[in-house]
Amino acid sequence: TASSHQIMEKGKLEDTLSACEKCLFREWKIEQKDLIGKMRVKGAIYYKAKDPNSIYTEHEYCDIVELHVKRIPEPNYEVAYGVSLASQEELLNKKSVIYRNLTPWTIATLKKGLL
């Protein structure tokens, strides 16, 4: 997973796949040559979640982009953290330590069947 936020430039919002491509390089050092096939928007989620450690609430709409890569991504630790590899089975196991540490948007994505 990675987080890309479209940028508004010259009155036009950047498209999701362009923002995703920039994010993949910035956070995971993945370039176009590392992709197998093309990226595609698989779906979207909308969620709202209170941060249990503060007064803040995260409230977002997220496009979910699917892609396949030729190699395991290499995190850029200046912007990516908490990195761990997990199988889909581990992600779906609500009793696992991994599941308890997932972000709210990841849980919403799993519930909608987009991961």
Would you say the side-chain atoms of Thr106 and Thr103 include a donor-acceptor pair closer than 3.5 Å? yes
Nearest heavy-atom contact between Ile64 and Ile45 is CD1-CG1, 4.3 Å
What pairs with Asp15 under side chain to side chain donor-acceptor pair (under 3.5 Å), at least two apart in sequence or on another chain? Ser18
Under the criterion side chain to side chain donor-acceptor pair (under 3.5 Å), I'd like the reasoning laid out for His59 against Tyr46: C-alpha separation, chi angles, the key distance, then a yes or no. CA-CA 8 Å; His59 191 199; Tyr46 172 78; 2.5 Å; yes
Heavy-atom distance under 4.5 Å between the side chains of Glu60 and Lys48, does that happen here? no
Among the clusters formed by ILVMFWY side chains lying less than 4.5 Å apart, do [X] and [Y] turn up in the same one?
X	Y	result
Leu92	Leu85	no
Ile7	Val79	no
Ile30	Phe25	no
Val41	Leu35	yes
Ile98	Leu110	yes

Test log, rule side chain to side chain donor-acceptor pair (under 3.5 Å), inputs Tyr99 and Glu90: CA-CA 7 Å; Tyr99 188 91; Glu90 290 172 302; over 6 Å; no
Within the distance-only criterion (no hydrogens, no angle test), does the side chain of Asp34 pair as donor or acceptor with the backbone N or O of Glu31 below 3.5 angstrom? yes
Does Ile36 CD1 have over 12 foreign heavy atoms under 6.0 Å away? yes
